[in-house]
Amino acid sequence: ISRIFMEGKYFEVDANDQTIVEFPDKAETCGIGPCVGVGIMNRKFKRGYLGHFLSSTTDPEILIDLALIEARKPNQLEVILVGNNPTLFQLEEDCTLEDDYFSTNEIHEYEELSALVTKEHEDWLKKMVYSKGIPRKNITLRISANPKITAYGLLVDTESGKITIKEEL
């Protein structure tokens, strides 16, 4: 979806999709929960990259590699990766002791597994993005299992040269 926004265009990126925007365009995605959102800004070329990846089916590394090829120098890029796995907290809230579907033990086992998967995924993302040669000061990683946030959103704005993280409560 695109629409005119000030001088440039505004693009909405759906789950399992990605886009590249040029100055003065903007791109936004929301609902990044158990998914991974990748926002990249190349300030030199005023180009932004935004992806909303279902971690089990697509790989955010491809978008980062594309941005690196076009930038030619890793220090020209700012990279933000976000994701949240609140389902383990929502599951507990949605179930009561009277529910026959999930027992208390099953809920706690699910919480432990979700936290482990989230941590393993975060560790893999850190290792992957740090291996690309992008300076650590240019990388923001916010992968968590935060019960107060249902999901994240990302806005890549080539006009301002900024990537904004939005917490969806």
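All values reported here derive from a predicted model rather than from experimental measurement. Along the sequence shown, the residues carry numbers beginning at 1.
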Separation of Y152 OH from L81 CG (nearest 0.5 Å): 12.0 Å

Any side-chain donor near an acceptor of the partner, E28 and Y10, under 3.5 Å: yes

Heavy atoms only: give me the nearest G37-I32 pair and the separation to one decimal. N-CG2, 3.4 Å

Specify the closest pair of heavy atoms between A27 and V21, including all atoms of both residues, with the distance to one decimal. CB-CG1, 3.9 Å

Applying salt bridge (charged side-chain N to carboxylate O under 4.0 Å, His left out), run through K26 and D157 and close with a yes or a no. CA-CA 5 Å; K26 296 166 180 54; D157 182 346; 3.4 Å; yes

Considering all heavy atoms, the nearest G48-T158 contact: N-CG2, 3.5 Å

NZ (K166) and SG (C30) are apart, to the nearest 0.5 Å, by 8.5 Å

Any chance you could measure I62, atom CD1, to F53, atom CZ, to the nearest 0.5 Å? 7.5 Å

Do other residues, nucleotides or ligands put more than 12 heavy atoms under 6.0 Å from K132 NZ? yes

Closest approach of P60 and V38, non-hydrogen atoms and distance? CB-CG2, 3.4 Å

Are F11 and F45 in one and the same hydrophobic cluster, where Ile, Leu, Val, Met, Phe, Trp and Tyr link if side-chain heavy atoms are under 4.5 Å apart? no

I134 side, atom CD1; I64 side, atom CD1 - distance, nearest 0.5 Å: 6.0 Å

Run the numbers on L141 and V79 for side chain to side chain contact (heavy atoms under 4.5 Å, CB included), then give the verdict. CA-CA 8 Å; L141 217 65; V79 178; over 6 Å; no

Between I165 and L154, is a side chain to side chain contact (heavy atoms under 4.5 Å, CB included) present by the stated rule, with each step listed? CA-CA 5 Å; I165 300 172; L154 281 175; 3.9 Å; yes

From CD1 (I80) to CG (L155), nearest 0.5 Å: 10.5 Å

Under 3.5 Å, side chain of N138 to main-chain N/O of L77, donor-acceptor pair present? yes

May I have the list of side-chain donor-acceptor pairs in residues 68-76 shorter than 3.5 Å, sequence neighbours left out?
from : atom 1 : to  : atom 2 : distance (Å)
E70  : OE1    : R47 : NH1    : 2.8
E70  : OE1    : Y49 : OH     : 2.3

Between the main-chain N or O of K162 and the side-chain N or O of E78, is there a donor-acceptor pair closer than 3.5 Å? no

For F23 against E159, the heavy-atom pair lying closest together: CE1-CA, 3.6 Å

With side-chain hydrogen bond (donor to acceptor under 3.5 Å, both in side chains) as the test, pick out the partner of H52 among N16, T29, D14, D17. T29

Of all heavy-atom pairs between D25 and K9, which one has the smallest distance, and what is that distance? OD1-N, 2.7 Å

With rounding to the nearest 0.5 angstrom, report the CD1 to CG distance, I40 to L50. 9.0 Å

